[in-house]
Structures are given as structure tokens and as C-alpha cells.
Amino acid sequence: MSRSVTVIGLGPMGQAMAGAFLDKGYEVTVWNRTPSRADALVARGAHLAASPEQALRANELVILSLIDYDAMYGTLKGAEDAVAGRVLVNLSSDTPEKARAAARWVSELGGTHLTGGVLSPPPTIGSPDMSTFYSGPREAFDRHLPALEVITGKTDYRGEDPGLAALMYQLNMVVFWPAIFAYWQAVALAGAHGISASEIAPYVTHNFAGMGQFIDFYAPRIDAGNHGGDVDRISMGVASMEHVVHTNADAGVDAAFPRAVLDAFRKAEEAGHGGDSTSRLVPLLRETA
Ligand code: NDP
């Protein structure tokens, strides 16, 4: 297997990936819309391609690390002929449907598309403990596994459907962004009372660390369709979220985010589910979409 790779897209992620390949002795070709972002990598021995086409032609294995899939179409416009025979490992995040459409597009051009969803932030790229979802043709995944394991030591191949890796990534984002937003909300509220982010950090960390217990408790009940109100009830959630909304509003902190949660609880209560567990929201969310 050739120890030679192209990386297109040099944001923090692409730079970290190209750097990890250099660390492992790979011959690395890079391209980025803003060429100066390649400077440090070129100083370490990477080759800067003059065009996306040249970057594609340099290697069979091409890593894409762009802001989204539309940036891929923009970048590869005019270089379509060079896609044939290449394995494009797309580590840009986007929707499962965009990943499926991209796989068809690459295939029609004679190339192979592997979808990836990286769960690690840039400083942990290259770490043996971090993991990335992949989906798409198994043969291409297996053949390039040694190179993919340079990016993150662990890989989680989800199957042939190119949308699955994107879906698994998005499932993580569905949790990550609201969770970190909830943290920002708490810091803003604490700050309105003169309490610093550092002061509440241990309590928030403790709160997040305990979430696993809730997930372990709810998951089998949800899978069994059990939304009994024996441990928590939607009407309790309504009352509790009203306190959260008012505590924020009273302090002059924007309460739009907690209000959205309150609205969802209220809707469930109005539909007659006040005595059910808050997990009743799972089927309700699907019904009301
Ligand atoms: P950035 O947004 O910093 O970098 C995006 C890259 O896309 C840059 O190379 C940028 O080029 C390029 N780009 C943006 N718009 C266009 C365009 N219209 N045409 C061509 N190129 C374009 O993202 P990151 O490096 O942080 O992340 C890359 C991907 O990895 C994203 O999809 C992100 O969601 C995902 N990801 C990021 C993580 C993180 O912690 N940062 C963690 C896990 C996944 P230029 O330099 O010219 O602007």
C-alpha cells in the first residue's frame, strides 16, 4: 500500500490530518483555497499542488476536509476528469442525503467515495484513542485502513450506505451542540449573578458526567416502549422548565433556548401525557415532525 496521500482543505482539521500523515512519514500533497494555510505543512515537507486537479492526480487516496459538501463541488469544478480512479474520503460534515448524492456523483465520474465523520477535535487528530465513522464501499475502506488509522487510531465502519457515517456523525452533533449551548446558557446566567465560569465548572462537569446514568436507564425502556411516569413526569418537567425560563428571564438573560424545551414539554402535557415520563417526547417528536 502506497504511503502517499492528498489532503484537500486545510482548516484546523485538514492541517492536523496532513500533519499526522507527515508525522508518520507519508508523502503528502495538499491543496487549499487559501494557499497560505499550507505554509507550515510545506515547511515540513508537504507538496502544495497548484490546482485541485493536480492534487487529485497526485494520489489515489484523497482526503477532503472542507466546511461542507457544497465546498467539494465548488473545489472540484473543472477537475472532474481527475476523479476517475481516486478514492475520495470525505471527512467534511454534512447531511446523510448530501453524502449519498456525493457518492453517486463521484461514482459517475469513475471514482470511489467513502464518507467519514470525525468525532475528534483538531488537537486530538492522530491519537490512537479517537474514532471516526466510515461508510461506503467496504473494499476501499479495507484497502486504505492503514492510512485512515493515521487520522484516528480507531475506526467505526457502519456499512455500505454512504449516508450512515454522516448520520452517525449528525447524531453526535444533535447531542453536542444543544449540550454545549446549555453550558453557555448556564455560564451566562451565572455571570449575570457575578459568578464566574470557573466557579461553576466543577458542578457542570459533574452534571455532564452523570448523563451516562440517565442514558443507560432510559435506553432499554425507550426501546421497550415504556414511558411510565414512575421516576419522572412530563408535568414535573413543565414546572421545572418554567423555573429555568423565569430564572433566566429575571436575570435579563435570553431564555429562548430553555423556552423551546418548555414549549415541547407543554405540548406533550396538553396532548394528555402529563403523567408519562419525559421520554414520551421521543415518539412525540417523531409524530409531530
Ligand atoms: P473550517 O471551516 O475551518 O475549514 C474548512 C475548510 O473548507 C478550509 O480549508 C476552507 O478553505 C474550506 N472552504 C470553506 N468554504 C469553501 C468553499 N466555498 N470552497 C472551497 N473551500 C472552502 O473547518 P475545520 O477544519 O474545523 O473542519 C473541517 C470539517 O471537519 C468540517 O466539516 C467540520 O464540521 C468537521 N469537523 C470539525 C471539527 C473541529 O473541531 N474543528 C471536529 C470534527 C469535525 P479556506 O482556508 O480557503 O477558508
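Each ligand, and each atom within it, is numbered from 1 in the order the structure gives. Here the structure is a predicted model, which means the values were calculated and not measured.
Geometrically, ligand 1 and Ser93 share a nitrogen or oxygen pair separated by less than 3.5 Å. Where the criterion is an N or O separation shorter than 3.5 Å, residue side chain and backbone included, Pro122 fails it with respect to ligand 1. An N or O contact shorter than 3.5 Å links Thr34 to ligand 1 by distance.
Residue-ligand proximity: Ser120 is placed with a non-hydrogen atom under 4.0 Å from ligand 1. By the 4.0 Å heavy-atom criterion, Asp68 is excluded from the residues contacting ligand 1. Residue contacts with ligand 1 do not include Gly74, since none of its heavy atoms lies under 4.0 Å from the ligand.
A donor-acceptor contact under 3.5 angstrom links the side chains of Asp232 and Ser277, judged on distance only.
Residue, atom and distance of the protein heavy atom nearest to atom 43 (C) of ligand 1 are Val118 O, 3.3 Å. Scanning the protein for heavy atoms near atom 13 (N) of ligand 1, the closest one is Arg33 NH2, 4.0 Å. Residue, atom and distance of the protein heavy atom nearest to atom 27 (O) of ligand 1 are Met13 CG, 3.4 Å. Scanning all protein heavy atoms for the shortest distance to atom 20 (C) of ligand 1 gives Thr75 OG1, 3.3 Å. With hydrogens left out, the protein atom closest to atom 9 (O) of ligand 1 is Asn32 OD1, 2.6 Å, a heavy atom. Remark: minimum distance from atom 4 (O) of ligand 1 to any protein heavy atom is reached at Gly11 CA, 3.5 Å. Of the protein's non-hydrogen atoms, the one nearest atom 12 (C) of ligand 1 is Leu66 CD2, 3.8 Å. If you check which protein heavy atom lies closest to atom 5 (C) of ligand 1, you get Ile67 N, 3.6 Å.
Between the side chain of Glu80 and the backbone N or O of Gly78 there is at least one donor-acceptor pair closer than 3.5 Å. Side-chain atoms of Thr115 come within 3.5 Å of backbone atoms of Pro162 as a donor-acceptor pair (strictly under, hydrogens ignored). Using a distance-only test at 3.5 Å, with no hydrogens or angles considered, no donor-acceptor pair links the side chain of Glu199 to the main chain of Ile195. Although no hydrogens or angles enter the test, the distance criterion places a donor-acceptor pair under 3.5 Å between the side chain of Arg86 and the main chain of Leu56.
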As a quick check of understanding, evaluate ring-ring contact (aromatic ring centres under 6.0 Å, His included) for Tyr73 and Trp105, giving each step before the final call.
CA-CA 10 Å; Tyr73 294 113; Trp105 183 73; 4.9 Å; yes
Go through the steps to decide whether Asn59 and Tyr26 satisfy the test side chain to side chain donor-acceptor pair (under 3.5 Å), and finish with yes or no.
CA-CA 12 Å; Asn59 288 296; Tyr26 276 69; over 6 Å; no
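At a heavy-atom distance under 4.0 Å, only side-chain atoms of Tyr169, from C-beta outward, approach ligand 1. By the criterion of a heavy-atom distance under 4.0 Å, the backbone of Leu10, and not its side chain, is placed next to ligand 1. Contacts of Arg37 with ligand 1, taken as heavy-atom pairs under 4.0 Å, involve the side chain alone.
The shortest distance between side-chain heavy atoms of Phe141 and Leu148 falls below 4.5 Å. Side-chain contact between Asp230 and Arg221 is present, with heavy atoms from C-beta onward closer than 4.5 Å. By the 4.5 Å heavy-atom criterion applied to side chains, Leu88 and Val62 are counted as neighbours.
Those atoms of ligand 1 that come under 4.0 Å of a heavy atom in Ser65, given as number and element, are 6 (C), 28 (C). The distance from ligand 1 to the heavy atoms of Gly9 drops below 4.0 Å at these ligand atoms: 9 (O). Annotation for ligand 1: atoms under 4.0 Å from non-hydrogen atoms of Ser92 are 32 (O). Against a heavy-atom cut-off of under 4.0 Å, Ala71 is close to the following atoms of ligand 1: 16 (C), 17 (C), 19 (N), 22 (C).
Taken together through direct or relayed side-chain contacts under 4.5 Å among Ile, Leu, Val, Met, Phe, Trp and Tyr, Leu91 and Met13 form part of one hydrophobic cluster.
In summary, Glu97 and Arg100 engage in a salt bridge, as defined by a charged side-chain N under 4.0 Å from a carboxylate O.
Paired with Tyr69 under the rule side chain to side chain contact (heavy atoms under 4.5 Å, CB included), one option of Leu64, Asp94, Thr95 passes, and it is Asp94.
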